[in-house]
Amino acid sequence: MDASLFLVNRYLGDEEDGSVSKESRSQALLAKLQQKAKEKQKQSVTEELRQHTESLRVKKKRKADNDQEKQQHKKKKLDILDTDNHDEPVQEKKKKKKKERNEKQKKKDQSGGEGEDLTHTPVTAGDGQEDTGAEDKAETENDKPEEPTEKTPAPTGFTVLGGFENKPIQKVHRVLPQWLAQPDVIHRDIKSNLVPVCDVTGLCPPLLKKLQHHGIQHVFPVQAEVIPAILESGQQGLLIGRGGYKPRDICVSAPTGSGKTLAFVLPVIQVLMQRVVCEVRALAVLPTKELAQQVCKVFTSYAEGTSLKVVMLAGQRSFAAEQASLSELRGGTRRSLADIVVATPGRLVDHINKNSGLSLEHLRFLIIDEADRMIDSMHQSWLSQVVKAVYKSGPEDKSIFRRTQPAHITAASLSPPHMPLQKLLFSATLTQNPEKLQQLGLHQPRLFSSVQSCSNNNNNTSTPSAAQKHDRFDFPQGLTEFYVPCTLSKKPLLILHFILRLKLSPILCFTNSRETAHRLYLLVKLFGGVQAAEFSSRLSPGERKKTLKEFEQGKIQLLISTDAAARGIDIDGVKCVVNYDAPQYIRTYIHRIGRTARAGKAGLAFTFLLGVQEKNFRQMVVEAGSPGIQKQIIKPDNLKSLEERYGHTLQELANVIKDEKAK
Ligand SMILES: Nc1ncnc2c1ncn2[C@@H]1O[C@H](COP(=O)(O)OP(=O)(O)OP(=O)(O)O)[C@@H](O)[C@H]1O
């Protein structure tokens, strides 16, 4: 092939000399180009300088004209005014003023003018404006010829309003407030950190007896830490005496099933046992009716044998019935019939607003269980309504039971006795977001947590690790997590395989919608051989209560539920949780799988994942602090024996759904 086809001709300069070697030729060319560039640079600098000097000259002239005009104008004015003041000649006065101005400017320059922006071009659009000190300075500066330096860009005659240096944007690092960064640590391992009940500091003998009566010989780590702390803050009783500090609010973040309920039930009952008059002194707020019912049950059972009365306001009964259980009128005065109220936020606000006889003016403890969820429901403004009801009497109340909202601590604010309100927050997934927590208006909070914050260090400001980007949570110890790769059509077969072949029942199975829960329930029922039930807002509260009871009694092998049963529900004996639909959020995942492996027991959690979900889901779980999620492959052969029957069932299901829709 002809080599000339590939010949590339380069420009070699005008004085190309064939005798010179290639290398020296290119060097000469480079030197030439550099020289040309220098010449061009010089030309542009001279041109810019010329333009600038010209613009300065024009502006100076314009200014001089203006000054002259002004002076003539002033002179005219002064000539008129001068009739009153003949002591000081006008020119003298003007000179004096100018001198003063110059002196002022000099002082200014000495004090602050040092690091002046060199890019600032002094002559601006101030033409024809009042003669100022700054302009004087500009004038003197203008007299000197300005020479462009290497560092300062050549003046262009325009005012540069801002610096144009490209500064790299500083990364914002998360720095937690000390109380969040350095919590009181709760042991993670339930089993090896059991404390005998009699070793819990401050717990009174009647409650120790009660615990033993309920078969509890040891307390869990969260209880061993939190019970003494609440008891300590209640040492002064219901009132804080002279010079006493208001008790600190308490936040608890501990895994699902670690015994948080007893951690607040026991100390609250013990503190309230000292009360003489019955008034609402403890209020526990929970997100759902079922949870309110569960907590109310625990309060009732531990308050048994004391004079304390527990009332639930969750809409399980009529409004009138709840109202009647709150207070009664005797001899024209209202008497409270409740010491402890357990409520859902909606129903609570109803009672506050309708003035149903619920008085919160003596409230000592506000317990917010599932606190992160309750923060999310803050838009309902339930907390502000509660706080308003608590401080209803206002500062003008001079009685011994007076209340004041927490504010800055001063000697005066501490001197009169008052009734404090202490907030107790509990959650397995308590947010570490200070902005969110701020909505709760916490007073000098103290955090108990089984999760060490990543920014937990002495100075609190070290470079955070990558893990800090995400909230990390503690997972129950006895839990083993799996994910099962599958396709959409195989999911129902998998759940049937889990029950019929792997015998994993009782299974609590979660779907992302009540429609999916209902269809899966119908399908399993039509397939036969499995005791199944559904649990969602499709059911009435009564039906839901009955279903949970039957599930607990072992009458139901498979409970198909929406996230209605994901939080807080304590059902003994759930061996296995299945996420039929993968949860979208890590908190949902943690609460769902937390329905098993409770109180130190073992449990299994399976999540069915479609191919597209696998990567993100695994990442989400690992970043949240999961000890490890394993892959569990179910071979298609294992499902084969179920397939034929499943095919028929699907046809039946289509008819049933059609009928339902027709109805
Ligand atoms: N000291 C203890 N010894 C034995 N069992 C206990 C003890 N404390 C609590 N339990 C039991 O442990 C189970 C879980 O307790 P609890 O419902 O309070 O957990 P939790 O931390 O509130 O969980 P979640 O975050 O899911 O609401 C309950 O059945 C409770 O009776």
Side-chain angles (χ1 to χ4, degrees), residues 183-203 207-231 250-267 294-295 298 301-302 369-370 426-430 447-453 456 472-482 504 506-508 552 554 566-577 589-606 621-622 624-630:
D184 287 61
V185 178
I186 299 168
H187 286 293
R188 300 181 60 212
D189 189 351
I190 285 190
K191 285 188 208 155
S192 52
N193 287 291
L194 293 171
V195 177
V197 285
C198 47
D199 287 357
V200 180
T201 321
L203 208 55
L207 285 179
L208 291 176
K209 233 181 179 179
K210 270 258 159 66
L211 280 170
Q212 280 157 356
H213 175 74
H214 283 94
I216 294 178
Q217 307 294 338
H218 297 87
V219 292
F220 290 156
V222 65
Q223 297 159 353
E225 294 289 335
V226 176
I227 293 171
I230 301 176
L231 286 177
I250 286 176
C251 303
V252 180
S253 175
T256 49
S258 61
K260 293 186 288 292
T261 314
L262 275 185
F264 62 80
V265 165
L266 294 175
Q294 194 175 290
V295 168
V298 182
S301 85
Y302 282 88
D369 202 0
E370 305 297 342
F426 292 82
S427 178
T429 50
L430 191 70
L447 173 67
F448 291 86
S449 175
S450 53
V451 190
Q452 281 276 330
S453 160
N456 188 4
R472 286 175 77 85
F473 306 107
D474 214 354
F475 288 62
Q477 281 231 302
L479 183 75
T480 317
E481 296 164 81
F482 297 96
L504 284 173
I507 291 181
L508 180 53
E552 195 157 20
R567 265 186 189 259
I569 298 288
D570 182 53
I571 306 165
D572 198 24
V574 179
K575 278 193 209 157
C576 177
V577 166
Y589 177 70
I590 288 172
H591 287 284
R592 280 182 180 182
I593 60 172
R595 296 316 100 207
T596 186
R598 296 176 72 75
K601 291 185 191 131
L604 300 170
F606 293 90
V621 170
V622 170
S626 160
I629 182 164
Q630 301 162 39

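Everything quoted here is computed from the prediction, not taken from an experiment.
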Atom NE2 of H214: over 12 foreign heavy atoms under 6.0 Å: yes
Where [X] and [Y] come nearest, the two heavy atoms and their spacing:
X: L211; Y: Y302; answer: CD2-OH, 3.7 Å
X: L604; Y: T596; answer: O-CG2, 3.6 Å
X: F475; Y: G625; answer: CE1-C, 3.6 Å
X: G478; Y: A597; answer: C-CB, 3.9 Å
X: L504; Y: I507; answer: O-CG1, 3.7 Å
X: I227; Y: A263; answer: CG1-O, 3.8 Å

Gap between atom [atom2] of [Y] and atom [atom1] of [X] - 0.5 Å precision:
X: C198; Y: H218; atom1: SG; atom2: NE2; value: 8.0 Å
X: Q217; Y: Q212; atom1: CD; atom2: CD; value: 5.5 Å
X: H213; Y: L207; atom1: NE2; atom2: CG; value: 13.0 Å
X: Q477; Y: K601; atom1: CD; atom2: NZ; value: 15.5 Å
X: T256; Y: I569; atom1: OG1; atom2: CD1; value: 13.0 Å
X: S449; Y: D184; atom1: OG; atom2: CG; value: 10.0 Å

Looking only at atom types and distance, does a side-chain atom of [X] sit under 3.5 Å from a main-chain N or O of [Y], one as donor and one as acceptor?
X: K260; Y: A254; answer: yes
X: E370; Y: R567; answer: no
X: Q294; Y: D570; answer: yes

All side chain to side chain contact (heavy atoms under 4.5 Å, CB included) counterparts of P221, not counting sequence neighbours: I186, H187, I190, N193
Less than 4.5 Å apart, side chain to side chain, heavy atoms only: is that true for [X] and [Y]?
X: L430; Y: F473; answer: no
X: Q223; Y: V200; answer: no
X: L194; Y: F220; answer: yes
X: L203; Y: L231; answer: yes

Side chain to side chain contact (heavy atoms under 4.5 Å, CB included) between F448 and I250, worked out: CA-CA 8 Å; F448 291 86; I250 286 176; 3.9 Å; yes
Whether F426 and F264 hold their rings parallel, tilted or perpendicular, with breakpoints at 30° and 60°: tilted
